[in-house]
2 protein chains.
Amino acid sequence: MIVRHMLNQMPALDRLFHALGDPARRAMIERLSRGPAPVTELARPLPMSLPAALQHLGVLETAGLVRSEKIGRVRVCTIEPHALSLAEQWISARRSEWEQRLDRLGDYLNTLDDKGDDDGANR
Amino acid sequence: MIVRHMLNQMPALDRLFHALGDPARRAMIERLSRGPAPVTELARPLPMSLPAALQHLGVLETAGLVRSEKIGRVRVCTIEPHALSLAEQWISARRSEWEQRLDRLGDYLNTLDDKGDDDGANR
DNA sequence: CGATCGATAAAGTGATTGCTTAACTATCGA
DNA sequence: TCGATAGTTAAGCAATCACTTTATCGATCG
């Protein structure tokens with residue numbers, strides 16, 4: 001129970017990636033990327049009951065990916081772009097790390113190459 | 001049409017985002033972004049047993065995020081950058097969709113603003 | 001008004017996750 | 001060769017997940 005607490009400094013990213021790890025929820029996000037939609041329209045293409053779709057929507061809202069507002073008897077859902085960009089930032093941070101590392105590796109190999117006097121055709 | 005196709009299966013993205021939805025696995029990815037590491041070193045900072053860490057590593061490998069090679073008695077793990085960029089592509093595709101939509105909305109509002117000339121385009 | 005449509009709550013179920021401990025294999029170093 | 005090191009397998013267990021069905025509530029309309 002405490003196990004996850006110590007490590008878990010960013011529950012936002014947890015919920016975010018978890019929310020994206022389901023095809024039904026990604027389909028909802030894809031639909032909402034093109035504009036707001038009511039619950040029923042989000043649920044219609046999904047091969048599941050309406051309550052099930054609503055639960056997925058709840059996951060998306062908890063993750064901060066979707067916001068919804070009830071107008072009359074219809075709940076209109078809209079995407080929350082900032083949340084997605086948080087995930088994007090984490091990914092691109094990782095990429096910049098390994099790219100930096102590969103650059104340093106390249107420099108190191110170049111140094112070795114400069115030191116080698118006779119054979120320039122190694123590997 | 002497309003919806004059904006997209007829903008049917010995109011197991012790669014499923015596994016990818018699911019793998020990223022756990023802090024222990026993200027910690028492993030963060031470590032590997034700085035360079036290859038053996039299993040024990042990946043597991044050491046995590047508040048769990050070694051077999052548990054190994055299971056997380058299995059999830060990362062299944063998702064294609066990590067590749068590992070056994071050298072002697074140590075298994076050296078390295079990150080697989082291409083897999084992460086797949087997730088990044090999905091996210092940025094969504095963003096470009098809603099940015100396009102917002103652009104169109106902005107254009108529409110601008111045409112409403114410039115009502116000096118006639119357009120007569122009512123939707 | 002009553003019927004219906006959209007959304008939601010509640011409860012139950014089978015599968016999957018995340019972790020544990022225990023035992024076991026293979027390699028390395030002295 | 002012996003014992004420590006690095007990893008691997010297996011079994012088991014509690015919690016969570018992704019659904020289901022059933023029953024409801026509130027808004028809209030004939």
Side-chain angles (χ1 to χ4, degrees), chain A residues 1-11 13-29 31-32 36-63 65-78, chain B residues 4 6-11 13-29 31-32 36-63 65-78:
Chain A
M1 48 188 188
I2 305 163
V3 179
R4 299 185 82 74
H5 244 340
M6 301 294 297
L7 187 70
N8 199 348
Q9 297 166 343
M10 290 194 109
L13 270 184
D14 285 19
R15 293 190 221 117
L16 205 47
F17 282 122
H18 169 73
L20 295 178
D22 184 282
R25 292 194 285 262
R26 282 200 311 277
M28 286 179 169
I29 293 285
R31 169 59 188 85
L32 291 177
V39 172
T40 303
E41 186 178 335
L42 287 179
R44 191 169 42 226
L46 303 179
M48 65 185 67
S49 67
L50 186 69
L54 209 76
Q55 286 174 352
H56 283 296
L57 192 62
V59 172
L60 290 174
E61 290 205 48
T62 301
L65 281 163
V66 166
R67 147 175 82 78
S68 73
E69 183 192 3
K70 194 145 185 185
I71 301 177
R73 63 179 169 182
V74 165
R75 174 170 297 277
V76 176
C77 306
T78 62
Chain B
R4 176 184 240 160
M6 286 187 305
L7 258 192
N8 255 350
Q9 75 284 1
M10 266 209 175
L13 271 184
D14 284 16
R15 287 193 281 258
L16 204 47
F17 282 123
H18 171 254
L20 295 177
D22 184 282
R25 293 194 285 262
R26 282 200 310 277
M28 286 179 169
I29 294 285
R31 168 60 189 84
L32 291 177
V39 171
T40 303
E41 186 178 336
L42 288 179
R44 191 168 43 227
L46 303 179
M48 64 185 67
S49 67
L50 185 70
L54 209 75
Q55 285 175 352
H56 283 297
L57 192 62
V59 172
L60 290 175
E61 290 205 49
T62 300
L65 280 163
V66 166
R67 146 176 82 79
S68 73
E69 182 192 4
K70 194 145 184 184
I71 300 179
R73 63 179 169 179
V74 322
R75 173 172 298 276
V76 177
C77 306
T78 62

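In the text below, chain A, chain B and the rest are named by the order of the sequence lines, each starting its count at 1. These numbers were taken from a predicted model, which means no experiment stands behind them.
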When we call it a touch if two heavy atoms are under 4.0 Å apart, what does B/Pro38 touch: a base, just sugar-phosphate, or nothing?
sugar-phosphate
Provide, to the nearest angstrom, the distance between the [atom1] atom belonging to [X] and the [atom2] atom belonging to [N].
X: B/Leu54; N: C/dC24; atom1: CG; atom2: P; value: 19 Å
X: A/Glu41; N: C/dC5; atom1: CD; atom2: P; value: 17 Å
X: B/Leu60; N: C/dG18; atom1: CG; atom2: P; value: 11 Å
X: B/Arg75; N: D/dT5; atom1: CZ; atom2: C1'; value: 16 Å
X: A/Glu69; N: C/dG6; atom1: CD; atom2: P; value: 19 Å
X: A/Leu46; N: D/dA18; atom1: CG; atom2: P; value: 13 Å
X: A/Asp14; N: D/dC17; atom1: CG; atom2: P; value: 11 Å

Assert: residue with more 5' nearest nucleotide on DNA chain D, out of A/Ile71 and B/Leu57, is B/Leu57
Specify the residue among A/Ala53 and A/His18 whose closest nucleotide of DNA chain D lies further upstream toward the 5′ end.
A/His18
Closest listed nucleotide, where the reference is the side chain of [X] and the choices are [options]:
X: B/Val39; options: D/dT5, C/dT4, D/dT8; answer: D/dT8
X: A/Arg25; options: D/dG26, D/dA18, D/dT9; answer: D/dA18
X: A/Asp22; options: D/dT22, C/dC28, D/dC19; answer: D/dC19
X: A/Arg73; options: D/dG26, C/dA10, C/dA22; answer: D/dG26
X: B/Ala52; options: D/dT22, C/dA22, C/dC19; answer: C/dC19
X: B/His56; options: C/dA9, C/dG18, D/dT8; answer: C/dG18
X: A/Met48; options: D/dG26, D/dT8, D/dC19; answer: D/dC19
X: A/Ser49; options: C/dT8, D/dT8, D/dT20; answer: D/dT20

Please determine, by modelled atom types, if B/Thr62 and B/Arg15 share a side-chain donor-acceptor pair under 3.5 angstrom.
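Side chains of B/Thr62 and B/Arg15: no pair found under 3.5 Å.
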What is the minimum heavy-atom distance between B/Ala63 and B/Leu16, and which atoms define it?
O-CD1, 3.8 Å
Side-chain donor/acceptor of A/Gln55 to base of D/dC17, under 3.5 Å:
no
Under the side chain to side chain contact (heavy atoms under 4.5 Å, CB included) rule, collect the residues that match up with B/Arg73, sequence neighbours excluded.
none
Going by the rule side-chain hydrogen bond (donor to acceptor under 3.5 Å, both in side chains), which residues pair with B/His18 if we only count those two or more places apart in sequence or in a different chain?
none
Please round to the nearest 0.5 Å and tell me the distance separating atom CG of A/Leu32 and atom CG of A/Leu60.
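CG of A/Leu60 is found 8.0 Å from CG of A/Leu32.
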In terms of the nearest nucleotide of DNA chain C, which residue is placed more toward the 5' end: B/Leu50 or A/Val76?
A/Val76
